[in-house]
Amino acid sequence: MSDQNPGANKMWGGRFTTAPADVMRKINPSIGFDYRLYRQDIAASKTHAAMLTRQGIIAAADNDRIQAGLDQIRGEIDRGELPFSIDLEDIHMNVEARLKEIIGEPAGRLHTARSRNDQAVTDVRLWMRDAIDALDGTIRDLQQALIERASEHAETIMPGFTHMQVAQPVTFGHHLMAYVEMFGRDRERLAGARQRTNVSPLGAAALAGTAFPIDRQFTAAELGFARPTENSMDSVGARDHICELLFCCSMLAVHLSRLNEEITLWCSDGFRFIALSDAFTTGSSIMPQKRNPDAAELVRGKTGRVVGSLTAMLVMVKGLPMTFMKDMQEDKEPMFDALETVELCVAATTGMVRDLTVRPEGMRAFLDRGFPTATDLADWLVREAGIPFRDAHHITARVVALAEAKGCTLQALDLDAMRSVDPRISEAVFEVLAPEHSVRSRRSYGGTAPDTVREAIERAKQRWLSDNPIQA
């Protein structure tokens with residue numbers, strides 16, 4: 001509908017005699033963002049037309065013209081040759097209007113036995129399926145980068161923290177492998193979301209199904225869905241598949257933020273555990289000495305944006321009765337934005353993991369500040385002196401206080417000083433006070449011992465880097 005034609009929209013306006021208000025023409029269209037669904041919309045329309053022909057609902061000749069016209073439209077959009085009209089509201093009407101220009105009257109038969117309600121949700125589910133597959137691949141690349149760096153540093157000792165206080169020695173490889181597990185769970189969640197997304201609402205029509213003898217099993221199979229949806233009202237009224245995807249993206253973003261928080265800390269002057277190259281840092285406009293880890297900070301910052309998309313979706317859905325409401329048009333922008341944002345953040349994080357230079361000397365210097373082998377001393381007292389652990393804990397705390405007062409490490413504290421706390425401590429205790437011994441001793445399944453880390457790396461390669469992608 002143009003400004004020169006103040007009548008109703010020719011695609012749906014038989015009951016309407018006047019044009020919508022100017023503000024309505026601004027708030028109502030979705031073509032500004034749902035144009036991204038054009039490939040899915042055309043694929044679903046081609047399948048729907050083929051099914052209508054197969055069921056004898058439209059003539060084969062009409063189907064042939066519809067198929068050819070849709071192929072032409074896809075080519076025009078691919079090449080950027082088809083301008084979209086906001087007066088046609090959405091991608092569905094833009095495609096249909098162009099199809100009528102190309103093939104004439106048979107274009108009007110395409111919408112038989114369907115509604116924009118089931119058309120839109122079918123397109124979105126097709127798009128989501130592709131988006132999940134693509135995101136899974138990028139997370140796999142990140143896991144591979146982490147595993148490769150972990151393999152290089154299975155023996156590099158660093159401080160492990162609780163409450164951001166030095167706790168026990170761990171290996172840098174072990175630390176990186178913790179994130180491999182986190183991102184693995186993100187992939188598992190995405191795989192589950194894909195499975196629940198992979199059902200076809202096409203044929204649910206507006207909300208009640210259709211009186212035409214359609215074959216929903218055929219269209220579902222042709223489009224690669226596992227099956228048709230079971231309830232026509234739920235088919236067009238549900239948005240939990242989008243909410244679930246946005247939760248998966250939000251959890252992924254939180255995991256990315258945690259890793260990038262650590263990258264930011266590790267680069268800082270207080271830590272100096274790693275360094276990033278010019279490729280992932282920026283300078284200061286006033287302080288020439290600065291090298292800022294902006295890529296890591298931006299990933300951390302974008303987490304709020306992704307979580308905000310989930311919040312917007314949940315708030316939009318929470319008060320809706322069955323079935324379709326125009327509110328639901330607000331589902332696509334947060335979905336598109338969240339997927340694009342986490343894809344970018346995963347790629348940036350992968351780049352930083354591959355780029356970073358490890359500084360073992362910085363890790364060791366930090367480790368020496370926090371009495372990281374105190375637990376090893378307590379464990380030694382339990383094993384060698386038969387002291388109950390709670391008593392050993394108390395004795396060790398007194399030894400640590402003595403070392404702190406003398407301004408030295410546990411390794412540097414002389415035996416007489418230790419024996420002044422408890423005479424059962426012998427010279428053999430020094431064998432367990434070195435951080436190297438501490439990490440080698442933690443050989444329990446999932447522990448930080450270098451050989452245990454290498455075993456975990458091999459298992460992770462089988463679980464996450466195999467040739468069989470995770471998918472429903």
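These values consider heavy atoms only, across backbone and side chains, with no hydrogens, waters or symmetry-generated copies. Residues: numbered from 1 along the sequence shown.
Using a 4.0 Å cut-off between charged side-chain N and carboxylate O, Arg364 and Glu361 make no salt bridge. Using a 4.0 Å cut-off between charged side-chain N and carboxylate O, Glu105 and Arg109 make a salt bridge. Under 4.0 Å is where a charged nitrogen must lie from a carboxylate oxygen, and between Arg36 and Glu333 no such pair does. Under 4.0 Å is where a charged nitrogen must lie from a carboxylate oxygen, and between Asp278 and Arg291 at least one such pair does. Using a cut-off of 4.0 Å between Lys/Arg side-chain N and Asp/Glu carboxylate O, Glu222 and Lys46 are scored as not salt-bridged. The residues Arg98 and Glu101 are annotated as salt-bridged, a charged nitrogen and a carboxylate oxygen being separated by less than 4.0 angstrom.
Using a 4.5 Å cut-off on side-chain heavy atoms (C-beta onward), Thr303 and Leu256 make no contact. The closest side-chain heavy-atom distance from Ile31 to Met93 is not below 4.5 Å. Using a 4.5 Å heavy-atom threshold, the side chains of Ile263 and Asn260 count as touching. Considering only heavy atoms from C-beta on, Thr162 stays 4.5 Å or farther from Gln168 through its side chain. Proximity of Glu96 to Leu110: side-chain heavy atoms (C-beta onward) are nowhere separated by under 4.5 Å. By the 4.5 Å heavy-atom criterion applied to side chains, Thr357 and Ser277 are not counted as neighbours. Contact of the Arg216 side chain with the Thr229 side chain is registered, since non-hydrogen atoms from C-beta on lie closer than 4.5 Å. Taking 4.5 Å as the limit, every side-chain heavy atom of Arg442 sits out of range of all side-chain heavy atoms of His174.
At distances below 3.5 Å, not a single donor-acceptor pair connects side-chain atoms of Ser257 with backbone N or O atoms of Ala253. Listed for the Asn28 side chain is no donor-acceptor partner under 3.5 Å among the backbone atoms of Glu89. At distances below 3.5 Å, at least one donor-acceptor pair connects side-chain atoms of Arg239 with backbone N or O atoms of Val236. A donor-acceptor pair under 3.5 Å is formed between the side chain of Ser151 and the backbone N or O of Ile147. In this structure, the side chain of Asp118 engages the main chain of Ala205 through a donor-acceptor pair within 3.5 Å.
Listed here is the closest heavy atom pair of Ala206 and Asn117: O-ND2, 2.9 Å. Shortest non-hydrogen contact noted between Ala49 and Ile66 is CB-CG2, 3.9 Å. Minimum interatomic distance between Thr350 and Ala145 (heavy atoms only, all atoms of both residues): CG2-CB, 4.0 Å. Of all heavy-atom pairs spanning Gly69 and Ile103, the tightest one is CA-CG2, 4.3 Å. The nearest pair of heavy atoms linking Ala150 to Gly173 is CB-O, 3.5 Å.
Residues Phe336 and Phe33 place their aromatic rings such that the two centres sit no closer than 6.0 Å.
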Can you give me every donor-acceptor pair (side chain of residues 308-323, partner residue at least two apart or in another chain, under 3.5 Å) with its distance?
{"from": "Ser309", "atom 1": "OG", "to": "Arg305", "atom 2": "O", "distance (Å)": "3.4"}
{"from": "Thr311", "atom 1": "OG1", "to": "Val307", "atom 2": "O", "distance (Å)": "3.1"}

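Shown here are the ring pair (Phe, Tyr, Trp, His ring centres under 6.0 Å) partners of His153, two or more places apart in sequence or in another chain: Phe172. Remark: His175 engages Trp266 in a ring pair (Phe, Tyr, Trp, His ring centres under 6.0 Å) (not counting sequence neighbours). Applying the salt bridge (charged side-chain N to carboxylate O under 4.0 Å, His left out) criterion to Arg272, with sequence neighbours excluded, gives Asp269. Partners of Arg454 according to the salt bridge (charged side-chain N to carboxylate O under 4.0 Å, His left out) rule, which considers only residues two or more places apart in sequence or in another chain, are Glu155, Asp451. Take Glu458 and apply the side-chain contact (heavy atoms from CB on, under 4.5 Å) test, not counting sequence neighbours, and it matches Lys461.
For the atom pair Glu343 CD and Cys249 SG, the distance stands at 8.5 Å (nearest 0.5 Å).
Of the residues Arg79, Gln72, Arg74, the one that meets the side-chain hydrogen bond (donor to acceptor under 3.5 Å, both in side chains) test with Glu76 is Gln72. Partner of Glu244 under the side-chain hydrogen bond (donor to acceptor under 3.5 Å, both in side chains) criterion, out of Arg196, Arg194, Arg189: Arg196 alone.
Using bins of under 30°, 30° to 60° and over 60° for the plane-to-plane angle, the ring pair Phe161/Phe366 lands in the perpendicular bin.
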- Working for side chain to side chain donor-acceptor pair (under 3.5 Å), residues Thr282 and Asp294: CA-CA 6 Å; Thr282 65; Asp294 280 9; 2.5 Å; yes

- Message: If you apply the rule salt bridge (Lys or Arg N to Asp or Glu O under 4.0 Å), what do you find for Glu152 with Arg149, and how did you get there?
- Response: CA-CA 5 Å; Glu152 297 169 9; Arg149 300 314 304 268; 2.9 Å; yes

- Query: Run the salt bridge (Lys or Arg N to Asp or Glu O under 4.0 Å) check on Asp34 and Lys332 step by step: do they pass?
  - Reply: CA-CA 7 Å; Asp34 70 12; Lys332 297 172 189 65; 5.5 Å; no

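Defined by atom type and a distance below 3.5 Å, a donor-acceptor pair is missing between the side-chain atoms of Asp123 and Gln119.
Residue-environment remark: CE (Met24) stays at or below the threshold of 12 foreign heavy atoms within 6.0 Å.
With Phe225 as the aromatic partner, Arg125 does not meet the cation-pi criteria of under 6.0 angstrom to the ring centre and within 45 degrees of the ring axis.
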